[in-house]
Enquirer: 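First, the structure itself, so that you have it in front of you.
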Amino acid sequence: MMEPLGWGGILARAAVQFLPVWIALAAVFAVSIRFRRRLGLYGKLFDSGIGMAGFAIVMFWVFTALFAGWIITHDPLAQLSGMRNVAPGTPLASAEGLYPVYLFGGDSLARDVFSRMVVGAQRVLAIAPAATLFAFMMGITLGVPAGYFSGRLDTGLTFLANLVLAFPVILLFYLLVTPEIRATGIPTALAAILFLFPILFLTILWNSRFFTNPRKRSIYIGVTLAVGLWAYSGLAFNADPLGVFAMDPNLLNVFVAVVFVNAPTVFRIVRGLTLDIKTRDYVAAAQTRGEGPWYIMLWEILPNARGPLIVDFCLRIGYTTILLGTLGFFGLGVSPESPDWGSTINDGRRLLTIAPHPAVVPALALMSLVLGLNLLADGLREESLKD
Amino acid sequence: MTAWDPSHPLLEIEHLSISFFTRLREIPAVMDFSCSVMAGEAMGLVGESGCGKSTVALAVMRDLGRTGRITGGAVRFKGRDLATMPDEELRRIRGREIAMIYQEPMASLNPAMKIGAQLAEVPMIHEGLAKAEAWARAREIVADVRLPDPDRILGAYPHQLSGGQQQRIVIAMALMSKPALLILDEPTTALDVTVEASIVDLVKALGEKHGTSMLFISHNLGLVLEVCDRICVMYSGEAVETGAIGDVFDRMRHPYTQALFRSIPLPGADKTTRPLVAIPGNFPLPHERPRGCNFGPRCDHFAAGNCDAADVPMFAVAGDDRHETRCLRSTEIDWAAPAKAARQAQRARVGEVVLRMEDLRKYYEVSASRLFGGGETRVVKANETISFEAREGETLAIVGESGCGKSTFAKVLMGLETATSGRILLYNQDIQDTPIEKRTTDTVSSVQMVFQNPFDTLNPSMTVGRQIIRALEIFGEGGTEEERRAKMLRLLDLVKLPREFAERMPRQLSGGQKQRVGIARAFAGGAKIVVADEPVSALDVSVQAAVTDLLMEIQRQNGTTLLFISHDLSIVRYLSDRVMVMYLGHVVELGTTDQVFSPPYHPYTEALLSAVPIPDTHVQKKRILLEGDIPSAMNPPPGCPFQTRCRWKAQVPGGQCEREVPPLVTLAPGHQIKCHLRRELLEGMEPVFTIAAE
Amino acid sequence: MARFLARRLVTMVLTALCLTLGVFVLTNLQPNLVKLAKTEASARMTDAEVETWLARNGYARPALVRYGEWLGVLPGWTGADPDGRPRGRCIDRAPDPAAAPRFCGVLQGNWGFSTVFKSGVIDAIGRGLGATGWLMLWVMIVMVPSALVLGVLAGMREGSATDRSLSTVAIVTTATPEYVSGVVLIVALASSTAGLSPLLAEWGLISGRTLFLGTATSAMEKITFWNFTLPVTTIALYGMGYIARMTRASMTEVMREQYIRTARLKGVSFRQVVMRHALRNALIAPFTVIMLQFPWLLNGVVIVETLFNYKGFGWTLVQAAGNNDIELLLGCSVVAVVVVLVTQLISDVGYVYLNPRIRVS
Ligand code: SF4
Ligand code: SF4
């Protein structure tokens, strides 16, 4: 049996575990810095210290999620006897073929905190960006027309958005993410609506662009509809005939709730941007050559709103991460075992004064990811404002 | 403080160099700039955008921001170097000895502070005046800048004043402590011409009254001629020619100055017989300046081996007082030789009537206050009874200042709005009620538009080629992608842009180049009628000529009808066949260019003509200053729209002007005027300008 | 102005109605009602028994009608027990069934009965609100001034070292949700085994075992620096970063305005430029933000009260939601929605008041 590790030893061993991440990070940075002058806004990110730091942190977690299988030292659900609440660096009591130590200690059920943190990253990064993306699709598909057409449509949609925004998020979660509501099938219905937006969005996008060229239009729309509806059947109704796309109902519920909370804010931002951009001459030029409203909205206005939207996208992933943590913290929509950061913090907080590490480790992990995203957004904003 | 001897220059700038530092490189903005301003003298600083003239002004105030730095030379004010002066002393000079006025009056005033407080602050800081005294002084000065009802104005917030009033307040603020030097950075660019004229007049009068020296920065040579005693022409960060205003205007000794004068429409210029000569090429970017003379690549007199050998210093011009030029060959060049490229062109053939408007009206309803919602809605009469016709191949200019309804008129014609009443006939087809979605592709492609702001006219996230191809697609030109590509390249040729530009993004193009792309796009569907909404007003003068020429050349080739919307009478006179003058939604005068530009005038046209600054020392102008500002279109005066500012109103008996909208009177075939004045009075009007014999 | 206020009020009422209806529907879903029946009566009821229980207790009617009753615009339902005793929304808890009013909804002051606390909803919420009021008050006292000062200092000279460091602080705090900062703060300052407290205790700098207390239950009786610092800091930190960033953004924007240059070139000293010319214009935007911050603050309150075991409004809400206490949850929602809407109104009115461009027109 080995000695308990000191902090130096713990960090050294953890660093070794993260080796694949370091390699991937080094490769990305080397390539990006080399070609940064040709990479547009992304390349300019490497001119700003803040942006680079943020990008590094975010990519660290992304790669951690990707390589989680190689990084973890133990099964995140395995409970090893004698390891309950042990301090970081404690060796296993009997290490038969297992990694000999709990790097960040054990939790109240004697599971490895380090491995749970790594797998938790996987959970967050599987949901947060996707949910944010859907919120954006929805916000854009509704926000651009609201800003562009103004009038009644705008009044109505803005009122709806304000309804959701006037609601404390937690209350909304308590109402929307419950076993009871899952029993009624409301989340599925909502998902059916939500997941329709990307398909709708892409179809309109292609149609407005290529209606002058029917063949090309048919191909683009055909492919979109085929792939979209296939994924749709799986994700929204869990009825994918091929079984590729599927979503756990719990997860679906969480996903829908998070999109629902984010979409109104995105809507407001997009609407504001649209109101601004629609006064530009190139929009008038498009109007005077008889372009349809959807072409103008999606090809003349939207691409020019991308700067602020990209920045907000990064911030919003961070915010979604926080929301997911909140859900976990209140035990909403997660199974008791789940290694996601929010519920781990919640589990750990009961014994906080005696064994802080089970709560502190995921807390710091969550904070660093959100911080990374915020820094990244800041860097992007700064760089996009230049020139 | 050492006493300063008034026989020395008040402001003396010697070999000043300024750079801006970015992360990537140092960008030299001003190099080796020297000039001096004597007490009571007005110095004009002219040049195109990016030549560094504003940077010089800011350097005098030592307000270059965090990235700018003076890298060499000295700025001496009353003999003391401002560049090295401690902050505390500098602060005592700012506002008290040197004051500055900028372009955007609204932006220069604090929106959350009352006018009075902003004015009174100056003497309170510098002279330690008590609040009451300072307000009294403010009241005096407000009266001085000819603002009515000073007490009301002192208690108002900036947004409650009109643009012209705001600029007067900014001037008043600059004069609060009776400064010795006034720096004016494009003080009238944001204003309408008639308002500009009265502001310029005010500045001149006040300068003379207080003996204030002035550094007057402008891109407008005409304005500089009106205000200044001396002039300094800048090009690409350097002073290229400086001297007394008469010397430089009449005996210029630098090729750039000469080229500049040849590219602006002076009263003698004419599009067929004496066309403008554009300066070839583009302004060099600060880090791409050539070796030797900066103007070398665009200079007609360039001599290889000489001009590009080493930096060119300033040379004194023999015989004139303090007249210098930065040209090596100034003594060799034949300055009197006519411009080389002046080729004469055929006048376009004017054909059938293609567009006719009859009694067009466009009213809008707006709610009085957006934020508070509701409220009574008001009707804005943007266009009132507009009737005219335009023929094939003709250029019809539509002239007017802000709020005259020229943009609304364009929108109705384009189908972005539908008319309230009246008719628009395009090839004898009614289109006034057809919004653009309902128009046939043919109608849409035959009426196209060129927009004002080059930085806004192209979609920033699409390549130039794609944007033109898209227009071709929409207009149904070309059956295949390849055909359209070929056609797009031909369009680029047409507007004289290199074919490589097809792959460029708009941000890689200069303003003039973008405007050319805009023109190419408008002509993509073989437009028959092109509405050009101030197409060159945002461009530098040397580029204006080239773009105008291009427009006219394409017009000649295609027999296009050009509706040229502008506020710039010089350019209108240069290129249009007929002119329509608008004021507050009404057409007040319509006639051929000659008819409109010579008496009898409509009283508004007369004032407008007099307000336009002309950069020619031989032209004598009658000064007609208009009182007050243009009324808001939301709240137009009853009767004649112009009655609030008209100087002829008293000649019409019985206050008719205030009661009745005057009828459109035909004075000569094709010449109509909307005025109650008796025919004899109209015919007895004197010409606004006369050209002195050379 | 009056017209504007009236319009805003109408929108507010409409919003409140829509929201409460939404909450009503979501809390009265069939599965919720079934669960309620099982907890109230017996957990082993058959489906048919559940049906009769619901019917007998007035739940088996259209949601819209029951919403009207709850609101007090429709008369409360009436019925009878199997043994013939009269039942009804307004009768059940009335001392004298015969004298019971016909309408008894929220508008009449009858917010229902909490199944968790076994007391009236009003009482339960009132208790919670009282406690939360103190928490909010202290959060505001700490958060607003420090955020504004931070933002103004950072935005005053854009790009300076002060700006960079203060901005980083602000970013870090916005990246730290309450359940993270709370945990970290407790470990760092309120744990007898980790963080600062053991060190301080060893050096004899603090008399107790920890610098601060890790729970705030005792603050229900008496608020002290010792038991209230951590919860207040936890909420304040998260909001502070956000407000500070807003203030900074607004301040830098104002400092770049031309009128600031005008002031500078008039010879106004930097201090005066900031105080007289920049501040008022720069504070317009953050004011709106502070007010719109309330929905977020409510979130923070819920998390912090759970984390520190402080029995305020947030804690009540969690209890209600976690235990399917329908009436209490509805009551909580009404309070939350009203608080949010009122602050929005204040924000609008304040914006108009602060901004002379809109006020005087
Ligand atoms: S120095 Fe040469 S290139 Fe420059 S302006 Fe004179 S003649 Fe032209
Ligand atoms: S009608 Fe009267 S006010 Fe109008 S322009 Fe003629 S003279 Fe002037």
Side-chain angles (χ1 to χ4, degrees), chain B residues 57-58 60-63 65-67 87-114 117-119 121-127 155-160 169-170 173-174 176-177 179 183 185 368-375, chain C residues 1-11 156-164 250 252-285 287-288 348-349 351-361:
Chain B
L58 291 177
V60 172
M61 288 306 240
R62 218 172 90 195
D63 192 58
R66 289 194 330 119
T67 52
D87 281 345
E88 206 36 45
E89 260 177 76
L90 184 71
R91 213 154 59 65
R92 276 201 296 267
I93 287 190
R94 284 173 173 181
R96 177 180 193 170
E97 305 249 26
I98 310 179
M100 188 157 176
I101 294 168
Y102 334 78
Q103 191 175 117
E104 293 278 341
M106 182 66 189
S108 311
L109 295 171
N110 189 336
M113 245 167 121
K114 289 198 173 139
Q118 299 193 45
L119 289 175
E121 195 179 36
V122 183
M124 282 162 77
I125 298 169
H126 292 295
E127 298 163 40
Y157 285 100
H159 68 273
Q160 293 169 294
I169 291 297
V170 174
M173 193 152 72
M176 279 302 282
S177 268
I183 301 177
D185 188 357
S369 149
R370 265 282 192 64
L371 181 89
F372 299 112
Chain C
M1 192 69 193
R3 178 180 243 123
F4 163 69
L5 267 180
R7 267 178 74 93
R8 287 291 295 140
L9 279 172
V10 169
T11 326
M156 202 163 76
R157 296 181 201 267
E158 195 187 355
S160 65
T162 328
D163 178 22
R164 297 233 162 248
S250 150
T252 49
E253 202 185 308
V254 167
M255 289 304 280
R256 267 189 299 226
E257 291 283 350
Q258 215 167 77
Y259 57 82
I260 294 298
R261 168 177 280 177
T262 312
R264 215 166 44 223
L265 297 190
K266 273 200 283 198
V268 181
S269 66
F270 185 74
R271 236 185 103 81
Q272 287 295 314
V273 167
V274 172
M275 303 296 288
R276 269 176 70 89
H277 291 264
L279 221 47
R280 172 154 181 188
N281 290 301
L283 288 185
I284 296 174
F287 173 80
T288 336
D348 282 357
V349 174
Y351 182 76
V352 172
Y353 179 75
L354 280 178
N355 197 342
R357 253 184 269 200
I358 299 175
R359 177 158 44 107
V360 197
S361 59

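Labels below follow one simple rule: chain letters A, B, ... track the order of the sequence lines, proteins then strands, and each chain is numbered from 1.
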Enquirer: Given that the side chain runs from C-beta out, which part of C:V268 has a heavy atom under 4.5 Å from chain B: side chain, backbone, both or neither?
Expert: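 For C:V268, heavy atoms of backbone and side chain both lie under 4.5 Å from chain B.
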Enquirer: For chain C, find which of B:D63, B:D87, B:N110 contributes the most heavy-atom pairs closer than 4.5 angstrom.
Expert: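 Among B:D63, B:D87, B:N110, the one with the most close pairs to chain C is B:N110.
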Enquirer: I'd like to verify something: which residue of C:Q272, C:E257, C:R276 has the highest number of heavy-atom pairs under 4.5 Å with chain B?
Expert: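 Among the listed options, the one with the most contacts to chain B is C:R276.
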Enquirer: For the pair B:H126 (side chain) and C:K266 (backbone), establish whether a donor and an acceptor sit closer than 3.5 Å, ignoring hydrogens and angles.
Expert: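 The answer is yes, because a donor-acceptor pair under 3.5 Å joins these two groups.
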Enquirer: What part of B:L109 is in contact with chain C, defined as an atom under 4.5 angstrom from a non-hydrogen atom: side chain, backbone, both or neither?
Expert: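 For B:L109, backbone heavy atoms alone lie under 4.5 Å from chain C.
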Enquirer: Checking B:L58 against chain C: side chain, backbone, both or neither under 4.5 Å from a heavy atom?
Expert: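 Just the side chain, heavy atoms under 4.5 Å.
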Enquirer: Select one option (side chain, backbone, both, neither) describing which atoms of B:R92 are under 4.5 Å from chain C's heavy atoms.
Expert: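 Nothing of B:R92, per the 4.5 Å heavy-atom cut-off to chain C.
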Enquirer: Using a cut-off of under 4.5 Å for heavy-atom pairs, which of B:I125, B:V170, B:L90 has the most such pairs with chain C?
Expert: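 Highest number of pairs under 4.5 Å: B:I125.
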Enquirer: Check B:S108 against C:Q258 and note the closest heavy-atom contact, atom names and distance.
Expert: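 So the minimum-distance heavy-atom pair works out to OG-OE1, 3.2 Å.
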Enquirer: Restricting to non-hydrogen atoms, name the atom on B:A112 and the atom on C:N281 that form the minimum distance, rounded to 0.1 Å.
Expert: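 For B:A112 and C:N281, the tightest heavy-atom pair comes out as CB-OD1, 3.2 Å.
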Enquirer: Would you check if C:R261 and B:Y102 make a side-chain contact, meaning some heavy-atom pair closer than 4.5 Å?
Expert: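 They are in contact (side-chain heavy atoms under 4.5 Å apart), so the answer is yes.
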Enquirer: Name the region of B:A99, side chain, backbone, both or neither, that has any atom closer than 4.5 Å to a heavy atom of chain C.
Expert: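 No part of it gets close to chain C.
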Enquirer: Within the supplied structure, the quantity of interest is the number of heavy atoms (other residues, nucleotides, ligands) at a distance under 6.0 Å from B:R66 CZ; does it exceed 12?
Expert: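 At most 12 heavy atoms, drawn from other residues, nucleotides or ligands, come within 6.0 Å of this atom.
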Enquirer: Taking every heavy-atom pair that is under 4.5 Å apart, which of B:P179, B:P111, B:A107 has the most such pairs with chain C?
Expert: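 Most pairs with chain C among the choices: B:P111.
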Enquirer: Does atom CZ (C:R157) have a neighbourhood of more than 12 heavy atoms from anything else shown, all under 6.0 Å?
Expert: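 No.
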Enquirer: Out of C:I260, C:V254, C:T262, C:L265, which one racks up the most heavy-atom pairs below 4.5 Å with chain B?
Expert: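 Heavy-atom pairs under 4.5 Å are most numerous for C:L265.
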Enquirer: Please rank B:M100, B:E121, B:M176, B:R96 by heavy-atom pairs under 4.5 Å with chain C and give me the top one.
Expert: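 Most heavy-atom pairs under 4.5 Å with chain C: B:E121.
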Enquirer: Answer yes or no: is there a side-chain heavy-atom contact under 4.5 Å between B:M61 and C:R264?
Expert: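 Sidechains of C:R264 and B:M61: no contact.
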Enquirer: Side chain, backbone, both or neither: which part of B:M173 has a non-hydrogen atom closer than 4.5 Å to chain C?
Expert: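 Contact with chain C involves the side chain of B:M173 alone.
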Enquirer: Would the number of heavy atoms belonging to other residues, nucleotides or ligands and lying under 6.0 Å from CD of C:E253 be above 12?
Expert: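 Counting other residues, nucleotides and ligands, CD of C:E253 stays at 12 neighbours or fewer.
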